[in-house]
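The structure under discussion appears below in the form of structure tokens.
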There are 2 protein chains.
Amino acid sequence: MRVLMVEDDHFHASYLQDALSEALPEVTEIFHAEDGEKGQDEALQGRISAVVMDLQMGHRNGIEAARSIWAQRPETRILFWSNYADEAYQRGIADIVPEDSAYGYVLKTASRENLKLALRAVLVEGQIMVDREILRLQRSNAGPRNRLDDSEFNVLLDLALGLQDRLIAERRNMSLRTVQNRLLSLYDKLGVDLSVEDQIPFNKRVRALNRAMVTRTINVATLEAAQREFEEWMRGR
Amino acid sequence: MRVLMVEDDHFHASYLQDALSEALPEVTEIFHAEDGEKGQDEALQGRISAVVMDLQMGHRNGIEAARSIWAQRPETRILFWSNYADEAYQRGIADIVPEDSAYGYVLKTASRENLKLALRAVLVEGQIMVDREILRLQRSNAGPRNRLDDSEFNVLLDLALGLQDRLIAERRNMSLRTVQNRLLSLYDKLGVDLSVEDQIPFNKRVRALNRAMVTRTINVATLEAAQREFEEWMRGR
DNA sequence: ACATGTCTTGCGGGAACCCGCAACAAGTCT
DNA sequence: AGACTTGTTGCGGGTTCCCGCAAGACATGT
């Protein structure tokens, strides 16, 4: 069994390597790439069936690399291994994981035992495994019914890029008024108004982006990805 | 000489400990705190004269901890040791470093030799030392004359919180029109307009926040800090 | 079939925003 | 001192945004 580690932090990489060889005796070779770009090349070139992938890396982040890998070899098993439990990452992963693919998501703060367990479950057994911490955090943000559905999330991305209502409507094939309705529910779910008890008049659009970032609903990587998608859409218009 | 490491990542901490004892034989004791809160307590309680401080930590980040430490003991020498070269951090540090204090800023990607050099220069010699990489990045963003002055930066923070022009004017003691002038130059310097060649109509406010985040002029920690300051200002109004 | 709930869409108006124009103050250069 | 740059402020108007209201579309339940 050939396993690829994609991890730009040197210390984490060597720790991971130790854990890998301890937990999975069936591993015959361990490869190491230090950014997303090299990682995806290596995974597609070499006959790699299992990958452990860091999420935040300089050149190309883990989600983008994973998408490319899965696009060509959806049977690849990928364990994401990350510092943070941002909803943005969890949502990004959910967007790209193919039907029936094995994957997992573990935090770097997890215990060694936990990591080894996840390595075995995902890379060897082909299970799906998401760290409890991540699910917990995800729910705590999503209090009563605060979870954004896909349609709202898309509008949030467009808003975050700075698009105007008119353009969002065109891009998402909605009427102007519908876009504004989505924005209203966004403002509601992100808690735009209920900040300070006094009724401070906020600029709702900016405040929405602020809240989305602070609650880790989206992050900078999300913004950059959304920008690229938007530019592509603009070309074919 | 008593040195305190404030670092929540276990691997980085042990690497740092090694580098410390290699580079500084005059160190008699090394303490270790794993978040900003504990770090600042320890620095103020124990007779600590030198600190190595991580920037992004869970409970209280490095800048806040450093501010508290310097507020009581400005002679403390602090070397910041961080993953990223965000302008937001560099600016945050510049805001809090007292007159004549020794400090430094090194990236975790720096070589071991470089780290040891910085440890010696800052903690022992009391020099000021900033990683070349950080200065380089700072300039590349600041192309022709893109650097924000303090006044513009403050308005950016208020904008980022979602405040309206009127409130910003009140808070910063400017007329409404002056605030709008600041915003104009902000839009200019952040490159709000020159995105895609076509003249896409953007919502400038949101776009400004987007650009500020993507260029690492501000980050989420900045937003959270600004929010706290704003709430405090609101109370005494 | 009828009621009820959710979603979409148009209309319209008040508020906020963007920004050109111009007057004025303060500091700089020659 | 006089010319010039830079920053502040008011005014006014065009645009965008926020959102209440109400009418229609569709689904679900009784």
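Here the structure is a predicted model, which is why all the values come from computation and not from measurement. Chain naming here is simple, since letters A, B, ... match the order of the sequence lines and numbering starts at 1 in each.
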Nearest-Å distance, [atom1] ([X]) to [atom2] ([N])?
X      : N      : atom1 : atom2 : value
B:L186 : C:dC18 : CG    : C1'   : 14 Å
A:L176 : C:dG12 : CG    : P     : 15 Å
B:N203 : C:dA15 : CG    : P     : 20 Å
B:Q180 : C:dC21 : CD    : C1'   : 14 Å
B:L163 : C:dA16 : CG    : P     : 13 Å
B:Y187 : C:dC18 : OH    : C1'   : 8 Å

A:K204 side chain N/O closer than 4.0 Å to the phosphate oxygens (OP1, OP2) of C:dA16?
->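 Answer no for this pair, as no side-chain N or O of A:K204 is under 4.0 Å from OP1 or OP2.
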Answer with yes or no whether the side chains of A:H12 and B:D9 bring together a donor and an acceptor at under 3.5 Å.
-> yes
With no hydrogens and no angle check, do the side chains of B:R177 and B:N181 hold a donor and an acceptor under 3.5 Å apart?
->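 A donor-acceptor contact under 3.5 Å links the two side chains.
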Knowing that exactly one of A:V51, A:I69, A:V52, A:L55 qualifies, which makes a side chain to side chain contact (heavy atoms under 4.5 Å, CB included) with A:V6?
->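 Going through A:V51, A:I69, A:V52, A:L55 one by one, the side chain to side chain contact (heavy atoms under 4.5 Å, CB included) with A:V6 is satisfied by A:V51 alone.
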Qualifying residues under side chain to side chain donor-acceptor pair (under 3.5 Å), relative to B:Q180, sequence neighbours excluded = B:D165
With B:T76, which residues qualify under side chain to side chain donor-acceptor pair (under 3.5 Å), at least two apart?
->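 Side chain to side chain donor-acceptor pair (under 3.5 Å) list for B:T76, sorted by chain: empty.
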What are the atom names and distances for every N/O pair under 3.5 Å that joins the protein to nucleotides 4-8 of chain C?
| unit_1 | atom_1 | unit_2 | atom_2 | d |
| --- | --- | --- | --- | --- |
| C:dT8 | OP1 | A:R182 | NH2 | 2.5 |
| C:dT8 | OP2 | A:R182 | NH2 | 2.5 |

Under the side-chain contact (heavy atoms from CB on, under 4.5 Å) test, which residues partner B:N219, sequence neighbours left out?
-> B:D86, B:A88, B:Y89, B:A221, B:T222
Quiz: residues 92-106 of chain B side-chain donor-acceptor pairs under 3.5 angstrom, not counting sequence neighbours:
| unit_1 | atom_1 | unit_2 | atom_2 | d |
| --- | --- | --- | --- | --- |
| B:S101 | OG | B:P74 | O | 2.6 |
| B:Y105 | OH | B:Y84 | O | 3.0 |

Taking for each residue the nucleotide of DNA chain D with the nearest heavy atom, is it A:R177 or A:Q164 whose nucleotide lies nearer the 5' end?
->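 That would be A:Q164.
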Under 4.0 Å between any heavy atoms, over every strand shown, what does B:L184 touch: base, sugar-phosphate, or nothing? Just pick one.
-> sugar-phosphate
Using the heavy-atom set of chain A and a strict 4.0 Å cut-off, write down the first and last nucleotide of DNA chain D that makes it in, 5' to 3'.
-> D:dT16 to D:dC21
Judged by atom type as modelled, is there a donor-acceptor pair below 3.5 Å linking the side chain of A:R182 to the main-chain atoms of A:V155?
->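 Side chain of A:R182 to backbone of A:V155: no pair is present.
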Check for a donor-acceptor pair, side chain of B:R207 on one end and backbone N or O of B:F202 on the other, with a separation under 3.5 Å.
-> no
